[in-house]
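Accompanying notes for the structure given below.
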Amino acid sequence: MKQTVLTPGQLGQVLKGHRKTRKLTQKAAGAAVGLLPKTISKLELAPETATIESLFKLLSTLQLELSIQPRPETLAHTEW
């Protein structure tokens, strides 16, 4: 399922939701790719403070990918 993420908070919620859907604890998700549970927590609660490398590791664990596309004109000037 495709999900649109416009804010860091939304990103954190999406990551947490997918982790829980896969029935992974923060510890298990982190262990799969060499991240500490506190790093997984940071990605879910304040993803803007985490590294891009950590984000991509978690995406890999959750079997997700990042896709960048232009916003529709109605959202083009929305700020977060």
Side-chain angles (χ1 to χ4, degrees):
M1 168 192 350
K2 180 179 173 182
Q3 292 182 280
T4 300
V5 174
L6 300 175
T7 67
Q10 289 174 341
L11 175 60
Q13 290 298 313
V14 168
L15 294 172
K16 183 176 183 177
H18 279 277
R19 177 181 59 77
K20 289 189 170 216
T21 296
R22 298 185 63 77
K23 296 182 172 50
L24 293 170
T25 63
Q26 290 179 341
K27 183 177 181 179
V33 289
L35 295 173
L36 296 172
K38 69 180 183 179
T39 303
I40 304 302
S41 177
K42 183 188 286 191
L43 282 161
E44 293 177 356
L45 297 174
E48 67 278 10
T49 65
T51 67
I52 294 295
E53 180 180 7
S54 294
L55 172 61
F56 276 93
K57 285 182 178 182
L58 181 57
L59 289 173
S60 173
T61 297
L62 300 177
Q63 297 181 348
L64 297 173
E65 66 182 17
L66 179 65
S67 178
I68 306 291
Q69 63 185 26
R71 286 185 178 184
E73 283 297 315
T74 56
L75 298 176
H77 300 289
T78 302
E79 293 184 29
W80 45 279

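Residues: numbered from 1 along the sequence shown.
- Two residues are said to be in side-chain contact when any heavy atoms from C-beta on lie closer than 4.5 Å; L6 and R71 meet this criterion.
- When all heavy atoms of L43 and S54 are compared, the pair lying nearest together is CD1-O, 3.7 Å.
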Could you walk me through whether L15 and L55 pass the side-chain contact (heavy atoms from CB on, under 4.5 Å) test, one step at a time? CA-CA 9 Å; L15 294 172; L55 172 61; 3.9 Å; yes
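- When all heavy atoms of G12 and P47 are compared, the pair lying nearest together is N-CG, 3.9 Å.
- Of all the heavy atoms in T61 and V33, the pair that sits closest is OG1-CG1, 3.0 Å.
- Atom CD of Q3 sits about 10.5 Å away from atom CG of L11, to the nearest 0.5 Å.
- Every pair passing side-chain hydrogen bond (donor to acceptor under 3.5 Å, both in side chains) that includes a residue from residues 23-36 is listed here, sequence neighbours excluded: Q26-E44.
- With rounding to the nearest 0.5 angstrom, the CG atom of L62 is 7.5 Å from the CD1 atom of I40.
- For K42, the salt bridge (Lys or Arg N to Asp or Glu O under 4.0 Å) criterion is met by no residue, not counting sequence neighbours.
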Check the pair T39, T51 against side-chain contact (heavy atoms from CB on, under 4.5 Å), reporting the backbone distance first and the verdict last. CA-CA 9 Å; T39 303; T51 67; over 6 Å; no
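- L36 and I52 end up in different hydrophobic clusters when Ile, Leu, Val, Met, Phe, Trp and Tyr side chains are linked at under 4.5 Å.
- For L45, the side chain to side chain contact (heavy atoms under 4.5 Å, CB included) partners two or more places apart in sequence, or in a different chain, are S41.
- Note that CG of L59 is 9.5 Å distant from NE2 of H18, once rounded to the nearest 0.5 Å.
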